[in-house]
There are 2 protein chains.
Amino acid sequence: MTTENNKDREFELHSFFPYLVRDFYAEVTRAVQSAYRLDYDMSPAEWRCMAILGKDQTLAANEIVTLSSMGKVTVSRAVKRMQERDWLVASSNSDDGRSKMLSLTNAGVTTYLEIVPKVLEIENKLLANISEKQKKDFLDMIDKVKKNRNIHDL
Amino acid sequence: MTTENNKDREFELHSFFPYLVRDFYAEVTRAVQSAYRLDYDMSPAEWRCMAILGKDQTLAANEIVTLSSMGKVTVSRAVKRMQERDWLVASSNSDDGRSKMLSLTNAGVTTYLEIVPKVLEIENKLLANISEKQKKDFLDMIDKVKKNRNIHDL
DNA sequence: TGTTTTTAGTTTCAGTTGAAACTTCTTTCT
DNA sequence: AGAAAGAAGTTTCAACTGAAACTAAAAACA
């Protein structure tokens with residue numbers, strides 16, 4: 001009674017691949033954020049900008065966008081906030097008047113060097129007792145799925 | 001000059017496991033959302049509620065929270081919106097005056113049955129040419145990482 | 001039974017994010 | 001050179017989300 005369409009209601013969210021990926025991502029990201037969110041009052045976007053500038057020293061916002069796979073809006077806001085906190089300076093770009101060259105200040109580098117070991121430790125704990133082969137297979141799978149997404153334009 | 005701390009700046013975001021997971025998740029979730037976001041004007045939260053009620057027919061909001069790993073706030077809002085669209089009805093729960101029993105309306109079931117094949121097709125495309133073993137290994141890896149997260153309280 | 005504690009769900013508030021429109025500067029085209 | 005097209009960033013707007021406070025009802029307890 002009342003239920004027509006009673007056939008075929010057999011979709012199982014808990015074995016739906018994208019659901020599992022999302023759930024996994026949520027756990028991993030929460031774990032990593034614990035390294036910097038409260039202690040340094042940073043957003044993931046800020047941490048990622050910092051991580052990229054920590055390694056690549058001086059870049060235009062543009063390049064951070066490319067390297068971080070974040071949107072330019074997100075990068076713009078993260079950069080602004082980091083400037084306000086004196087973790088990042090923008091010097092004018094002689095080649096292009098629209099963009100500034102961005103780099104960490106000494107205070108920014110200091111913070112970066114504090115956070116790096118913390119996030120690496122978390123990564124190590126997450127990956128404890130997982131073989132190199134397993135890790136490689138995992139990353140291979142990710143690549144395959146990404147390729148499939150491209151091939152099928154999803 | 002100006003750069004002290006020039007040593008040890010060797011953190012590589014692009015091989016940082018949580019970054020790869022996030023990036024992967026972002027791609028997968030975008031692919032799936034394309035099945036319902038524009039065509040049905042639904043949020044992921046609404047789709048997940050629908051998916052759970054589609055299978056389990058009648059549940060309290062509470063149980064949807066557990067089954068969906070979403071927060072109760074998110075579920076509450078998704079349910080409210082689905083009620084407004086007449087995709088979901090709440091009938092009073094004789095056992096507990098605080099909660100209502102939720103189920104899809106016929107219109108809700110119809111929508112559900114339209115969306116299910118679309119998301120399954122997307123899942124199939126994402127997983128094309130990936131062996132069962134690879135999938136299994138991938139899920140095993142996820143479980144291991146989750147266990148590690150628990151063990152180390154991250 | 002009456003008080004306290006817990007639980008279900010909602011609302012409010014603040015933070016994050018992306019799309020689209022906009023400004024400024026650069027590049028291209030004629 | 002001057003106009004048109006494109007690119008770099010920013011701002012505005014709207015949507016999603018979670019934490020905390022709140023309401024209402026149930027369970028625990030004394």
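We name chains A, B, ... by the order of the sequence lines, and we start the count at 1 in each one. No experiment lies behind these values; they were computed from the predicted model shown. Because only heavy atoms are used, hydrogens play no part in the values below, and waters and symmetry mates are left out as well, while side chains stay in.
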(request) Mind telling me whether B/F11 and A/W47 have parallel, tilted or perpendicular rings, with 30° and 60° as the class edges? (result) tilted

(message) Strictly below 4.0 Å: does A/S43 bring a side-chain N or O up to OP1 or OP2 of C/dG15?
(response) no

(message) Quick check: on DNA chain D, is the nucleotide nearest A/V73 upstream (toward 5') of the one nearest A/R22, or the reverse? Name the residue that is more 5'.
(response) A/V73

(request) Let me know the distance between CE of A/M42 and P of C/dT17, rounded to the nearest Å. (result) 12 Å

(request) Answer yes or no: is there an ion pair linking A/E132 with A/K135, defined by an N-O contact shorter than 4.0 Å? (result) yes

(request) Salt-bridge test for B/E121 and B/K125: reply yes if a basic N is under 4.0 Å from a carboxylate O, no otherwise. (result) yes

(request) Check if the side chain of A/R98 and the base of C/dT26 share a donor-acceptor pair of N or O atoms closer than 3.5 Å. (result) no

(request) Select one nucleotide: of C/dG18, C/dC25, D/dC16, the one nearest the side-chain heavy atoms of A/D96. (result) C/dC25

(message) With a 4.0 Å limit, can you tell me whether B/K72 has a side-chain N or O closer than that to the phosphate oxygens OP1/OP2 of D/dG18?
(response) no

(message) Measure CG/B/N62 against P/C/dT7 and give the value in whole Å, please.
(response) 11 Å

(message) If I take atom NZ in residue B/K80 and atom C1' in nucleotide D/dC16, what distance separates them, rounded to the nearest angstrom?
(response) 15 Å

(message) Would you say A/S76 places a side-chain N or O within less than 4.0 Å of OP1 or OP2 belonging to D/dT10?
(response) yes

(request) State the OG-CG distance between A/S34 and A/D39, to the nearest 0.5 angstrom. (result) 8.5 Å

(message) If I take atom CZ in residue B/R77 and atom P in nucleotide D/dC16, what distance separates them, rounded to the nearest angstrom?
(response) 9 Å

(request) For A/R81 and C/dA14, give me the distance from atom CZ to atom C1', rounded to whole Å. (result) 13 Å

(message) Distance check needed: C/dT16 P versus A/Y36 OH, whole Å only.
(response) 11 Å

(message) Just to verify, what does A/S69 make a side-chain hydrogen bond (donor to acceptor under 3.5 Å, both in side chains) with, not counting sequence neighbours?
(response) B/Y19, B/D23

(request) Identify whether the distance between the nearest side-chain nitrogen and carboxylate oxygen of A/K136 and A/D140 falls below 4.0 Å. (result) yes

(message) I need the CZ-C1' distance between A/R37 and D/dG18, as an integer number of Å.
(response) 9 Å

(message) How many whole angstroms separate atom CE of A/M70 from atom C1' of C/dG18?
(response) 13 Å

(request) State plainly whether the residues B/D137 and B/K133 are in salt-bridge range, i.e. N to O under 4.0 Å. (result) yes

(request) Note the angle between the end axes of the helix from C/dT1-D/dA30 to C/dT30-D/dA1, five pairs defining each, rounded to 10 degrees. (result) 20°

